Amino acid sequence: MEDGFRHRGQRKRLITGLRAAGEFDDRVLDVMANIPRHSFLDSSFGDWAYRDEPFPIDCEQTISQPSTVAWQTTALQLLPRQRVLEIGTGSGYQAAVLSLLGGRVFTVERHKPLFRKAKLTLKKLRLDRGIRFFLRDGNRGVPEMAPYARILVTAGATEIPQPLLDQLAVGGIMVIPVGPEEADQRLLRITKRASDSYEEEELGLCRFVPFRSGLA
Ligand code: SAH
């Protein structure tokens, strides 16, 4: 989909609004200013793409709200060239953010239609550089590419999967929403201090679609 004058203007206003909140890393917002979010949504959503709202994508999933993407990505503190595992590819928007920040991105999705579409969308936008896509159950992570300096989970988990903790590098950071199903989750930032020692910070409440088990 074309990135026209109107969409660019709406995007600029969205990012200006997020910047004014003063809570998000400028580098993250600079990257988001360059990603055409409307291209990740069904064209019928058209002008709504630049509201600070989540939207439905295929398979009854959602693309996260822009302020949530900014919040999670700021919390992740991703540095250029770091390996980052994302669980929940969804539309592919968040993967594009991580890649434009310079990350080496490994992204996992359990729904085949989303896996395919996200790949295609990012390819068309020429934003797929440095991203590897996996159709898998994210509960197991991607052990053959571990360890990861960063892990970002974009679905609400009832508990932290042990394989993800195992695949996090020492010194690494994982950002994950954790909570009971059908309720708000606590956004956690886990820092791995040693092979079996973790520090946990609670960043606030959030609401993500559920982190499921197995392939869809
Ligand atoms: N990051 C996405 C939004 C993700 S919505 C974006 O930028 O658009 C959460 C996604 O997590 C959904 O697509 C859902 O299918 C996926 N998901 C849920 N449980 C999963 C699991 N166990 N493994 C892989 N993906 C999972």
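Keep in mind that this is a model prediction, so the values were computed, not measured. Counting starts at 1 for both ligands and their atoms, in listed order. Numbers for residues simply follow the sequence, beginning at 1.
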Enquirer: What I want to find out is whether Asp52 reaches Arg13 closely enough, with some N-O distance under 4.0 Å, to be called a salt bridge.
Expert: no
Enquirer: Answer yes if Ile35 and Ile131 sit in the same cluster of Ile, Leu, Val, Met, Phe, Trp and Tyr residues linked by side chain heavy atoms under 4.5 Å apart, and no otherwise.
Expert: yes
Enquirer: Could you state the interatomic distance from OG1 (Thr73) to CD (Gln94), rounded to the nearest 0.5 Å?
Expert: 4.0 Å
Enquirer: One thing to verify: whether Asp26 and Arg19 come together as a salt bridge, which I'm taking to mean a side-chain N less than 4.0 angstrom from a carboxylate O.
Expert: yes
Enquirer: Any ion pair linking Arg212 and Glu181 (charged N to carboxylate O, less than 4.0 Å)?
Expert: yes
Enquirer: Tell me if a side-chain donor or acceptor on Arg189 pairs with a main-chain N or O of Glu201 at a distance below 3.5 Å.
Expert: no
Enquirer: Starting from the N and O atoms of ligand 1, find every protein N or O within less than 3.5 Å and list the pair with its distance.
Expert:
unit_1   : atom_1 : unit_2 : atom_2 : d
ligand 1 : 1 (N)  : Glu86  : OE2    : 3.0
ligand 1 : 1 (N)  : Gly88  : O      : 2.9
ligand 1 : 1 (N)  : Thr154 : OG1    : 3.2
ligand 1 : 7 (O)  : Gln94  : N      : 3.0
ligand 1 : 8 (O)  : Ser91  : N      : 3.0
ligand 1 : 8 (O)  : Ser91  : OG     : 2.6
ligand 1 : 13 (O) : Glu109 : OE1    : 2.7
ligand 1 : 13 (O) : Glu109 : OE2    : 3.4
ligand 1 : 15 (O) : Glu109 : OE2    : 2.6
ligand 1 : 19 (N) : Arg212 : N      : 3.0
ligand 1 : 22 (N) : Asp137 : OD1    : 3.0
ligand 1 : 22 (N) : Arg212 : O      : 2.6
ligand 1 : 23 (N) : Gly138 : N      : 2.7
ligand 1 : 25 (N) : Arg110 : N      : 3.4

